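Below is one structure; the comments refer to it alone.
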Amino acid sequence: MSRNPNGVSPPPLRFGYGTNGLADLRLDDALALLADLGYDGVGLTLDHMHLDPLAPDLAARTRRVARRLEELGLGVTVETGARYVLDPRRKHGPSLLDADPDDRARRVDLLVRAVGVAADLGAHALHCFSGILPTGTDEDTAWKRLAEALTPVLDAAATAGVPLAVEPEPGHLLATLADFHRLRRTLGDPELLGLTLDIGHCQCLEPLPPADCVRDAAPWLRHVQIEDMRRGVHEHLPLGDGEIDFPPVLAALAAIGYQGLTVVELPRHSHAGPHFAAHSLPFLHDAARTAATATGDGTASVPAPPLGAPSATSEGSSTP
């Protein structure tokens, strides 16, 4: 692994696993499993089965989870990608882009609630995404809605001191790193507007290899999700089942001094969540060791993506 100019090795990477890939487990059981397996933290998706953000006594339930995280020595990122937490019929609905202002307000309220949860848990970031472009809405209008809707969320984040980490999501209005920078410029580059970088999404959609995406994203990087993926296909795969060369990615994360969690994101594998959680961490540790013994700057060559930037095909319109 590379060293910085003063000869000090970068801090070790910290690995977590997302609770949206452990949806069949009670939250306390999921946290205990991850601690027993040796994970450093958890990506906690607020959902009806895991710290429901809409159920009564949220503050008291959050305090209990905070105590449990501390007992287990787990760090945490709060994620807000639950499929049906607001609408039992529309996946990820309503979004920040919906035509109905009351619907947009419901999503804003969820995110503001999530800011409070993240602060109370001591989370290092709060994750969110834009949503898909609604039928009949032009892009300029959608970008305006997104900026307006995120403003009160950023205000809440500033008050709480919790970075907001927006994720580029294939199929969404904000789908790429370039789109993130468009949002950042529109909002005036607020200090607490950060980025969630999904390594699989880089392989799927970005013109640069994933390790280069990490380096380009470094100034804004607040949260990392990781899984395997194939070029042009938005399907979250177990580590090793896709096309990603992981040691250069982990070397890049270490070289930029990233200190947040790198969270395995396998939401469609919850039926075998404990199995994939058990197998993912040794895979990442092996890849990190390979990165650490690489020559030069630790970033082995990454195969170039096919010429042109393909449109991602997907099992759905957004996060699996």
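Just so we're clear, the structure is a prediction, and the values are computed from it rather than from any experiment. Side chains are part of it too, since the values below use all heavy atoms of this structure and drop only hydrogens, waters and symmetry mates.
- Rounded to the nearest 0.5 Å, atoms CG (Leu177) and CG (Leu197) are 6.0 Å apart.
- The closest side-chain donor-acceptor pair between Asn20 and Glu79, if any, does not fall under 3.5 angstrom.
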**Request:** Applying ring-ring contact (aromatic ring centres under 6.0 Å, His included), run through His92 and Tyr84 and close with a yes or a no.
**Result:** CA-CA 6 Å; His92 297 150; Tyr84 298 104; 7.8 Å; no

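- Under the side chain to side chain donor-acceptor pair (under 3.5 Å) test applied with His127, the options Arg222, His223, Glu167 reduce to a single match, Glu167.
- The environment of CZ in Arg26 is sparse: at most 12 heavy-atom neighbours from other residues, nucleotides or ligands sit within 6.0 Å.
- Two rings, from Tyr17 and Phe276, have their centers 6.0 Å or more apart.
- The aromatic ring centroids of His285 and Phe15 lie less than 6.0 Å from each other.
- Residues forming a side chain to side chain donor-acceptor pair (under 3.5 Å) with Arg289 (at least two apart in sequence, or on another chain): Asp286.
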**Prompt:** Between His234 and His236, is a ring-ring contact (aromatic ring centres under 6.0 Å, His included) present by the stated rule, with each step listed?
**Reply:** CA-CA 7 Å; His234 184 205; His236 290 226; 5.4 Å; yes

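- The existence of a salt bridge linking Glu71 and Arg68 is confirmed by a sub-4.0 Å separation between a basic side-chain nitrogen and an acidic carboxylate oxygen.
- Proximity of Leu261 to Val224: side-chain heavy atoms (C-beta onward) are nowhere separated by under 4.5 Å.
- Taking 4.5 Å as the limit, some side-chain heavy atom of Asp87 sits within range of a side-chain heavy atom of Pro94.
- Taking 4.0 Å as the cut-off between side-chain N and carboxylate O, Asp140 and Arg182 count as a salt-bridged pair.
- Although no hydrogens or angles enter the test, the distance criterion places no donor-acceptor pair under 3.5 Å between the side chain of Arg83 and the main chain of Lys91.
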